Amino acid sequence: MAGQAPLCRAFYEQAWCIRADHLHEMIAAGETNIPRLLRRLEAFERKFRVMASSEGPRFERTAWPKEMEVGPAGVPLLRPSSFRGNGALVPFHASDNVANFIVDYIDEAGPFDAIVELGCGYGRNLFDIYYGGGPQNCRYYGGELTASGVAAGSEIAALDPAMKAKFFSFDYLDPVLDIVPAERALVFTVHSIEQVCQIDAQLFAVIAGAGSHVDCVHFEPFGFQLAELGPATREHRSQAIENSWNLNFAAALQEAQQKHNLRISCVVTETSLPLDPHNPTSLAIWHSGEKAA
Ligand SMILES: C[S@@+](CC[C@H](N)C(=O)[O-])C[C@H]1O[C@@H](n2cnc3c(N)ncnc32)[C@H](O)[C@@H]1O
């Protein structure tokens with residue numbers, strides 16, 4: 001049965017709210033360019049992090065641990081990460097690029113008439129896809145649990161109506177995707193199923209119902225559920241249990257494959273350079289509808 005820890009349900013309401021305030025200030029100061037807006041928020045967050053306080057969360061200048069020597073750009077030159085189960089020290093500015101992956105995937109497997117992210121926060125991945133060369137002639141949808149995420153995404157999207165982006169309330173515990181009436185839909189998730197400790201296999205059937213043909217790409221930290229690649233995988237498992245993060249994505253997808261006739265075309269574990277060394281991203285892609293045959 002599906003289930004989620006109360007803290008995981010509550011955490012992002014405030015986390016997106018404080019970022020929404022920051023975005024709102026930049027928009028009020030005259031910023032109208034969405035990529036600039038998002039890159040400025042990212043630049044700010046490279047040096048400031050959200051800290052809890054009695055009056056709610058607030059941004060504070062990051063205090064780097066002693067061993068992370070700060071370089072000329074005001075951030076460390078290197079940061080700890082992990083790759084394929086082992087710890088790795090990588091350039092501070094090295095990062096995964098989900099949006100480029102999706103843009104390249106669309107060029108191979110598209111066209112799609114709807115691109116949908118579930119658990120999208122304020123929609124940064126959707127905006128990065130569109131401004132990173134994603135299709136112009138399709139609709140973009142962001143489904144998100146928190147009201148603050150939906151509101152922030154909608155405020156950003158209003159700056160460029162040409163993108164045709166829409167944000168809506170979505171809950172993995174009671175998933176409904178009626179808002180996405182598509183012929184061919186590309187649905188993706190990025191570390192959002194992570195937040196739900198147990199999902200139902202039925203979730204995949206609901207996603208498959210988003211269109212006559214659906215391709216679904218998951219960038220989720222499920223590697224430890226399938227194979228232990230090294231010490232970082234073991235740490236990942238412990239951290240997932242401790243934080244009440246997802247423990248059954250792989251099993252639920254396998255169950256759905258049989259029950260709902262999905263075709264799984266790709267599963268690769270721990271191929272990211274995560275910011276949190278003990279929460280590496282893995283990749284799974286599946287298909288439903290005629291294209292699955
Ligand atoms: C780590 S953040 C990732 C956000 C976004 N995918 C990204 O990459 O920027 C996790 C997201 O999952 C959302 N989330 C948590 N529980 C959820 C649920 N039950 N249904 C839908 N989204 C949920 C959170 O509100 C948050 O936006």
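Predicted, not measured: the structure shown is a model, and the values here were computed from it. What you see below is based on every heavy atom in this structure, not just the backbone, and it leaves out hydrogens, waters and symmetry mates. Whatever order the structure lists ligands and atoms in, that order sets their numbers, starting from 1.
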K.L.:
Any N/O of Asn125 closer than 3.5 Å to an N/O of ligand 1?
P.N.:
yes
K.L.:
Looking only at N/O atoms, are Trp16 and ligand 1 under 3.5 Å apart anywhere?
P.N.:
yes
K.L.:
Whether the side chain of Glu270 engages the backbone of Phe83 through a donor-acceptor N/O pair (distance < 3.5 Å, no angle test) should be reported.
P.N.:
no
K.L.:
In terms of the angle between their ring planes, are Phe249 and Phe204 parallel, tilted or perpendicular, with boundaries placed at 30° and 60°?
P.N.:
perpendicular
K.L.:
Heavy atom to atom 21 (C) of ligand 1, shortest distance: which of Phe11, Phe170, Tyr12 holds it?
P.N.:
Phe170
K.L.:
Would you mind checking if Asp128 and Arg39 are paired as a salt bridge, meaning a charged N to carboxylate O distance below 4.0 Å?
P.N.:
yes
K.L.:
For ligand 1, which atoms have a heavy atom of Thr146 less than 4.0 angstrom away?
P.N.:
25 (O)
K.L.:
Among Glu220, Glu194, Glu117, find the one that has a side-chain hydrogen bond (donor to acceptor under 3.5 Å, both in side chains) with Thr189.
P.N.:
Glu220
K.L.:
Checking a contact table here: which protein heavy atom is nearest atom 23 (C) of ligand 1, and how many Å away?
P.N.:
Leu145 CB, 3.6 Å
K.L.:
Would you mind listing which atoms of ligand 1 come within a distance below 4.0 Å of any non-hydrogen atom of Cys120?
P.N.:
5 (C)
K.L.:
So which protein heavy atom does atom 20 (N) of ligand 1 come closest to, and at what separation?
P.N.:
Tyr172 N, 2.9 Å
K.L.:
Closest by any non-hydrogen atom to atom 16 (N) of ligand 1: pick that one out of Arg124, Arg9, Gln4.
P.N.:
Gln4
K.L.:
Could you tell me whether a side-chain N or O of Arg84 sits under 3.5 Å from a main-chain N or O of Thr269, the two making a donor and an acceptor?
P.N.:
yes
K.L.:
Tell me if the centroids of the rings in Phe59 and Phe44 come within less than 6.0 Å of each other.
P.N.:
yes
K.L.:
So, does Glu117 sit close enough to ligand 1 that a heavy atom of it is under 4.0 Å from the ligand?
P.N.:
yes
K.L.:
Among Val190, Asp171, Asp174, Leu173, which residue places a heavy atom closest to atom 3 (C) of ligand 1?
P.N.:
Val190
K.L.:
I'd like to know if the side chain of Arg36 reaches the main chain of Thr32, judged simply by a donor and an acceptor atom lying under 3.5 Å from each other, with no hydrogens or angles considered.
P.N.:
no
K.L.:
Under 4.0 angstrom from ligand 1, any heavy atom of Phe219?
P.N.:
no
K.L.:
Which residue supplies the protein heavy atom nearest to atom 12 (O) of ligand 1, what is that atom called, and how far is it?
P.N.:
Ser192 CB, 3.3 Å
K.L.:
Just which atoms of ligand 1 are under 4.0 Å from any heavy atom in Gly121?
P.N.:
27 (O)
K.L.:
Between the side chains of Arg234 and Glu228, is the shortest nitrogen-to-carboxylate-oxygen separation below 4.0 Å, so that they form an ion pair?
P.N.:
yes
K.L.:
So is Gly149 close enough to ligand 1, meaning a heavy atom under 4.0 angstrom away?
P.N.:
no
K.L.:
May I ask you to test the Asn125-Phe219 pair for a side-chain heavy-atom distance under 4.5 Å?
P.N.:
no
K.L.:
Considering heavy atoms of the protein only, find what lies nearest to atom 11 (C) of ligand 1 and give residue, atom and distance to 0.1 Å.
P.N.:
Gly119 O, 3.7 Å
K.L.:
Is there a side chain to side chain donor-acceptor pair (under 3.5 Å) between His191 and Thr281 once you walk through the steps?
P.N.:
CA-CA 8 Å; His191 282 249; Thr281 312; 2.8 Å; yes
K.L.:
Quick one: which of Gln195, Glu144, His191 has a heavy atom closest to atom 24 (C) of ligand 1?
P.N.:
Glu144
